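Okay, structure first, notes after.
When a ligand or atom number is given, it counts from 1 through the structure's own listing order. Worth knowing before you read on, the calculation uses all heavy atoms, side chains too, and leaves out hydrogens, waters and symmetry mates. Computed from a predicted structure; not experimentally measured.
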Amino acid sequence: MATPSSPLARALAQPECLLLPEQVLLPDGTHSHWAVVVAGGRFKGVGPVAELTREFAALTPLPLPGRLLMPGLIDAHTHLTQSLGKALAFGEPSEIFRRIWVPMETTLRPEAARTSARLAALEALRGGFTTVVDAGTRSEAGLDGVTNATRDAGIRCVLGMICNDAANTDGEAGVRRILDAAASFLSAFEHDPLVHPSLAISIPEAASDRMLHDVARLTQESGRRFQTHVNEHLVAVERSLVARGLRPLEVLHAAGALNDSALLAHATLLTARELGLLRDSGAAVAYNPVASQWKGNAVLDAGLLHMLGVPFGLGTDGTRADGLRLMDAAEATQRIAHGLANGDSSCGAGWLWLDHATHLGARAAGLAQITGRIEAGLAADFLLLDLDVPEFVPSWDLSWELVRFANRDQIEAVFVQGALRLWKGWPLDWDARALMREVATVARRDVARAPIQRVHPPSDAHRAQHGQPAR
Ligand SMILES: [Zn+2]
């Protein structure tokens, strides 16, 4: 690693640190006069300053005035090999995966998939995410690309391998090949420190009942996550009803694939019966508020899910890799979709979104025993946030302020597995500017030749079409 020029960054880059931040965010709220010891990639001690300075007397305490030490945020649902698309999807109606993402991802060459995933990992770290849950790439070489990019950037990743078999024309032999590859994938990453294997089926209609059942059984037996997208768009719900006589979440239930290993993205269009099936199954959900804002047909009722005890995390779905803005979006979207209509002006409060972005998000991702909390024994995945900014003065309620005021620029340092991955938004051990130059070249080449179909014209063309407003 290059030696950081800032003395503070140099001190933070040491393999063992005794940190004395102004505040520490724990699952029960913020605490002052607490210390944190990081060693061997883990939190070795978390407790009152007096206790820890005594217990770890050999370490030099590093005071961090004006900083909050908080868990790294969890992106419970994303697509790392879609980062070359970005604003191509803006203004588009639902099911952009059919017209934009699948054509683009399947066109990516192996190095482009890796470049895309590395860019997405960098953006995620800059946005305060130390863990991302990737729902599976449609790029043939994407799985290796995402694995390598994850390691290059040093982010934690729950990595989904897609097991769709709807296009299988090889009968039982084809099914066996997919299931054998899935089992090998799970065992290959069994002890990996940063890559946590997971199996995925893009949407229930992309697989046979047999495949849905066997994939969910494999993940349950191995303690991993089975990822799929359900009940996001009206058109998908109706297609499922016409083809199967069941809604997507009901298809999972009927196939015996709705179990406590499932992590369901969106789940925004649920009937009362489906809510009951979901609650009884123990399955988790990724609430993706920005996806609802940009191209959704509905907003998940997160307050209801919380009340029912359905585990859920917050996901970007590849929209905008900013964890602080994601919490803000989660809260604002709930207020507008549900709170305004029933006079609920708090929709929980700041703590609700902080919890679901950190330790409850880790639980939804299947990583509750690994990350999501500042706790001795867990991986040292954390952020240092600068609280000494005008927006946080005076501070009356830090939890609320983090949800409604916090900005990515306040993230001074990002640590994953105890390693300082970003300092003031940039990596210390690799050239992010060179990556950005490479992205521009690769995107021009690979995105341009993808058979993408856009419905909505770019902004300037749209303005030209619809005329200037009257003066
Ligand atoms: Zn998605």
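The distance cut-off of 2.8 Å around the Zn ion (ligand 1) captures these protein N, O or S atoms, sorted by chain and number: His77 NE2, His79 NE2, His229 NE2, Asp317 OD1.
Without hydrogens or angle criteria, His266 side chain to Asn231 main chain gives no donor-acceptor distance under 3.5 Å. In this structure, the side chain of Asp75 does not engage the main chain of Phe129 through any donor-acceptor pair within 3.5 Å. Within the 3.5 Å criterion, the main-chain N or O of Trp400 finds a donor-acceptor partner in the side chain of Asp397.
Judged by distance alone, the side chains of His359 and Asp355 do bring a donor and an acceptor atom under 3.5 Å apart.
Heavy atoms from other residues, nucleotides or ligands lying under 6.0 Å from CZ of Arg325 number 12 at most.
Qualifying ring pair (Phe, Tyr, Trp, His ring centres under 6.0 Å) partners for Phe90, counting only residues two or more places apart in sequence or in other chains: Trp294.
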